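Following: one structure in structure tokens, then a few remarks.
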Amino acid sequence: MYYGRKKGIIIAIIVVAIILVIGIGGTCLYMFTDLFKSNEKLFWKYMSKEATSLELKPNLQMEEIQKKKQQTPYTTDGKVEFSSTNDEVNNNLQKIKLTSEGKIDKTNNYAYSENKLEYNNSTIFNLKYLQDGDIYALKSDEIVNAYVGVRNKNLKVLMQKLGISATFNIPDEIIPIDYSSIYKLTKEEEKHINETYVNVIMQNITKDCYSRQTEAVVEKYGVSYTTTSYRLDLSSNLISNIVLNILNTLKTDSVTLNLIASKASELGIEEYATVDGVSKAIDNIIDNLENIDFVDTSFVVYAYKGETIATEVLLKNRSKTTIYIDNPIKIKYENFQEDAEFNVMNIEMITKNTSTQSNFNIKANVDDQTEVIIDISNTGSAIDGTLDTNIIASIIQNNEEYEMIYTGTTKFINELENIEKLNETNCAILNDYSQQDLNTLIQALMNQIITVFNQKAQMIGALSSTNINNPILPEITM
């Protein structure tokens, strides 16, 4: 029951977030100079500039690549390598390499890849993946001499054979989700949400919640700015009342209820895929609203020469988040709680996109002790028919750096060659087995997997003889 309430809370948060974004973008267009505006109007004006700057710019290069992948066969090849500035660790890491080669034809529901784990220039483990129509299968010659696959139908029955009784949220068939469509709203839907909920929010926020401060000094990218700050203070009780009023409005709003249900259906969340399911979740949230730990929250925007310099979100006695919008985007999170795992986290993001080149870099620094860096670059285009991808992920801690590097190439072709197909002679389809035979097969596979894993691990010195002699076998419920 708690898990259901948690999902309901997430839905409410999503609704509120959509309302705020639309409200910010749709209600803050003004024609006169700031001199004649109220603190309320100026707050939303500069907050709207911040929200607009946060919108992700479309990556036309990758959009065209994804479109072509839906229509044209292509091959892939890539490898992952590791390194470290610690010489002893580096000697072992550089011996490890992962490689993959693939053939994909989405128009014919076909995908194949062969993946290898190499150690010291020798293949340690080989795993093949093959999707042929609605059958998804794996094969490793060291474990089994045929593919072992699942047909993407009657999955509830298969789970029941495996001893899983709670299959309510398991679909009979897994349908690929187009996540981009989940966040899309029609103009009519945006207008309806705007007209219905923005007023609910604004009517609950009185003018004395807004204030301003002149000559507020802010430092951004090493430069000091003397700004005017505009602040919105919301007490925990006020936030609770706003949420309650939104939920009560939502209960009678058939348009938005149907919208949420349709999005839940697309995500495969059956519990909320109907208006009745969403309504029950809303009632559940309202009944437990007093158990939600709302906290006094303040929003501060700093304005300089008509532009937003920075935004702060303050949770009383808990945290302060400062956002600087530009390229790079910088976010500073300060944790004020005594039992916090860290005190300060700084995040920096840089993006650069053209029709043939895209780069994304994100860097996170925690208390100046740990730093994580991810850099992704793509070179090529759908027109050229080739895309080269490089990903570097590194972590720096205690003056030591550990790095993972992926390099790969995607090539579009007219037709796949030398493809392997699935049939009754080379693939064991788990759906077709009785419960007893399925249990026997899986137990045998798990025993063989453990045996092979221990053998390979022993080759690279990763397991002690104690672990090898005393494997823990999985239990399968009948």
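Quick caveat, the model's predicted, so the values are computed rather than measured.
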Notebook entry, point to check: Which is it for T123 and N126 under the side-chain hydrogen bond (donor to acceptor under 3.5 Å, both in side chains) test, yes or no, and what are the steps along the way?
Noted result: CA-CA 7 Å; T123 299; N126 185 304; over 6 Å; no
Check: Does atom CG of N399 have more than 12 heavy-atom neighbours, drawn from other residues, nucleotides or ligands, at distances under 6.0 Å?
Finding: no
Note to self: How about CG on N145, more than 12 heavy atoms from neighbouring residues, nucleotides or ligands closer than 6.0 Å, or not?
What the structure shows: no
Margin query: Using side-chain heavy atoms (C-beta onward) and a distance below 4.5 Å, is M62 in contact with S358?
Written below: yes
Note to self: Please enumerate all residues that pass ring-ring contact (aromatic ring centres under 6.0 Å, His included) together with F125, with sequence neighbours excluded.
What the structure shows: none
Next item on the list: Indicate yes or no: at least one non-hydrogen side-chain atom of I392 is less than 4.5 angstrom from one of Y406.
Entry: no
Next item on the list: For the pair L130 and L422, evaluate side-chain contact (heavy atoms from CB on, under 4.5 Å) and give the outcome as yes or no after the intermediate values.
Entry: CA-CA 8 Å; L130 179 53; L422 293 176; 3.4 Å; yes
Notebook entry, point to check: Is a side-chain N or O of N154 found less than 3.5 angstrom from the main chain of V157, in a donor-acceptor match?
Noted result: no
Check: Backbone N or O of E401 within a donor-acceptor pair of the T85 side chain at under 3.5 Å?
Finding: yes
Item checked: Option passing side chain to side chain donor-acceptor pair (under 3.5 Å) with N378 (candidates N59, T389, N359) -> T389
Check: Are any of the side-chain nitrogens in K156 or D172 under 4.0 Å away from the carboxylate oxygens of its partner?
Finding: no
Item checked: N/O donor-acceptor pair under 3.5 Å between S100 side chain and L98 backbone -> no
Notebook entry, point to check: Going through the checks in order, is the side-chain contact (heavy atoms from CB on, under 4.5 Å) test met by I442 and L162?
Noted result: CA-CA 9 Å; I442 290 179; L162 292 171; 3.3 Å; yes
Next item on the list: Take atom CG of L445 as the centre, draw a 6.0 Å sphere, and report whether it contains more than 12 heavy atoms from other residues, nucleotides or ligands.
Entry: yes
Checklist line | Short side-chain donor-acceptor distance under 3.5 Å, Q61 and N353 | finding: no
Margin query: What I want to check is whether the side chains of S434 and D437 have a donor and an acceptor closer together than 3.5 Å.
Written below: yes
Check: Any side-chain heavy-atom pair from T297 and L232 closer than 4.5 angstrom?
Finding: no
Next item on the list: Report yes or no: is the cationic atom of K68 (NZ for Lys, CZ for Arg) closer than 6.0 Å to the six-membered ring centre of F412, at no more than 45° off its axis?
Entry: yes
Item checked: Step-by-step salt bridge (charged side-chain N to carboxylate O under 4.0 Å, His left out) determination, K139 to D141 -> CA-CA 6 Å; K139 177 186 177 184; D141 292 333; 3.5 Å; yes
Note to self: Among residues at least two apart in sequence or on other chains, which ones pass side-chain contact (heavy atoms from CB on, under 4.5 Å) with S298?
What the structure shows: R231, D233, L314
Checklist line | Main-chain N/O of L441 paired to Y433 side chain as donor or acceptor, under 3.5 Å | finding: no
Note to self: In the structure I gave you, are the side-chain heavy atoms of I405 and T407 within less than 4.5 Å of one another anywhere?
What the structure shows: yes
Check: So, are K153 and D134 salt-bridged, with charged N and O less than 4.0 Å apart?
Finding: yes
Next item on the list: Taking atom NZ of K79 as the centre, report whether more than 12 heavy atoms of other residues, nucleotides or ligands fall under 6.0 Å from it.
Entry: no
Margin query: If we count only N and O atoms by modelled type, under 3.5 Å, do the side chains of D388 and T379 hold a donor and an acceptor together?
Written below: no
Margin query: With a sphere of 6.0 Å drawn around CD of Q70, does it hold more than 12 non-hydrogen atoms of other residues, nucleotides or ligands?
Written below: yes
Notebook entry, point to check: Y304 and T226: which non-hydrogen atoms are nearest, and at how many Å?
Noted result: CD1-O, 3.5 Å
Check: Can you name the one residue among I104, N414, N108, D105 that meets side chain to side chain contact (heavy atoms under 4.5 Å, CB included) with P73?
Finding: D105
Margin query: Let's go through L138 and Y147 carefully: what are the C-alpha distance in whole Å and the side-chain angles of both, what is the deciding distance for side-chain contact (heavy atoms from CB on, under 4.5 Å) to 0.1 Å, and is it a yes or a no?
Written below: CA-CA 5 Å; L138 296 171; Y147 282 96; 5.7 Å; no
Notebook entry, point to check: With respect to N92, which candidate in E88, K95, Q94 satisfies the side chain to side chain contact (heavy atoms under 4.5 Å, CB included) definition?
Noted result: K95
Note to self: The test is side-chain hydrogen bond (donor to acceptor under 3.5 Å, both in side chains); show your working for E334 and N343 and say whether it passes.
What the structure shows: CA-CA 6 Å; E334 300 171 77; N343 297 315; over 6 Å; no
Note to self: Between S265 and A261 (side chain of the first, backbone of the second, donor and acceptor by atom type, cut-off under 3.5 Å), is there such a pair?
What the structure shows: no
Check: Just by modelled atom types, is the N284 backbone N or O under 3.5 Å from a matching donor or acceptor in the N288 side chain?
Finding: yes
Next item on the list: Report the relative orientation of the aromatic rings in Y221 and Y324; use parallel for angles under 30°, tilted for 30 to 60°, perpendicular for over 60°.
Entry: tilted
Notebook entry, point to check: In Å and rounded to the nearest 0.5 Å, what is the CD1 to OG1 distance from I413 to T386?
Noted result: 11.0 Å
Check: With a 4.5 Å heavy-atom cut-off, do T311 and T322 have their side chains touching?
Finding: no
Margin query: For V295, is there any backbone N or O sitting under 3.5 Å from a side-chain donor or acceptor partner on N317?
Written below: no
Check: salt bridge (charged side-chain N to carboxylate O under 4.0 Å, His left out) between R151 and D432: does it pass, once the steps are laid out?
Finding: CA-CA 9 Å; R151 183 181 292 109; D432 298 338; 3.1 Å; yes
Next item on the list: Report the residues that fulfil side-chain contact (heavy atoms from CB on, under 4.5 Å) with L267, sequence neighbours left out, ordered by chain and then residue number.
Entry: I177, Y179, I182, I269
Check: Is the backbone of L315 close enough, under 3.5 Å, to the side chain of S319 for a donor and an acceptor to pair up by distance?
Finding: no
Check: What closest approach, in Å, do K103 and E417 show between heavy atoms, and which atom pair accounts for it?
Finding: NZ-O, 2.8 Å
Note to self: Going by side-chain hydrogen bond (donor to acceptor under 3.5 Å, both in side chains), name the residues that satisfy it together with T425, two or more places apart in sequence or in a different chain.
What the structure shows: N423
Note to self: Suppose we screen for side-chain hydrogen bond (donor to acceptor under 3.5 Å, both in side chains). Which residues come up paired with D375, at least two apart in sequence or across chains?
What the structure shows: N361
Notebook entry, point to check: Is there a side-chain contact between K332 and M345 (heavy atoms, below 4.5 Å)?
Noted result: no
Note to self: When you compare the side chain of F360 with that of I350, does any pair of heavy atoms fall below 4.5 Å?
What the structure shows: no
Item checked: Donor-acceptor contact below 3.5 Å, side chain N365 vs main chain D368 -> yes
Item checked: Salt-bridge present (K330, E348; N to O < 4.0 Å) -> yes
Checklist line | N115-S113 side chain donor-acceptor pair, cut-off 3.5 Å | finding: yes
Notebook entry, point to check: Do we see a donor-acceptor contact under 3.5 Å between the side chains of Y302 and E307?
Noted result: no
Note to self: Using only atom types and a distance under 3.5 Å, with no angle test, would you say the side chain of T72 pairs donor to acceptor with the backbone of K69?
What the structure shows: no
Check: So do K320 and F336 actually touch side chain to side chain, heavy atoms under 4.5 Å?
Finding: yes
Next item on the list: Flag yes if more than 12 heavy atoms outside E101 fall under 6.0 Å of its CD atom; otherwise flag no.
Entry: no
Next item on the list: Using the side-chain contact (heavy atoms from CB on, under 4.5 Å) rule, take L158 and L438 through it: C-alpha gap first, then chi angles, then the decisive distance, then the call.
Entry: CA-CA 10 Å; L158 176 60; L438 182 60; 3.9 Å; yes
Notebook entry, point to check: Sequence neighbours excluded, which residues qualify as salt bridge (charged side-chain N to carboxylate O under 4.0 Å, His left out) partners of K316?
Noted result: D296
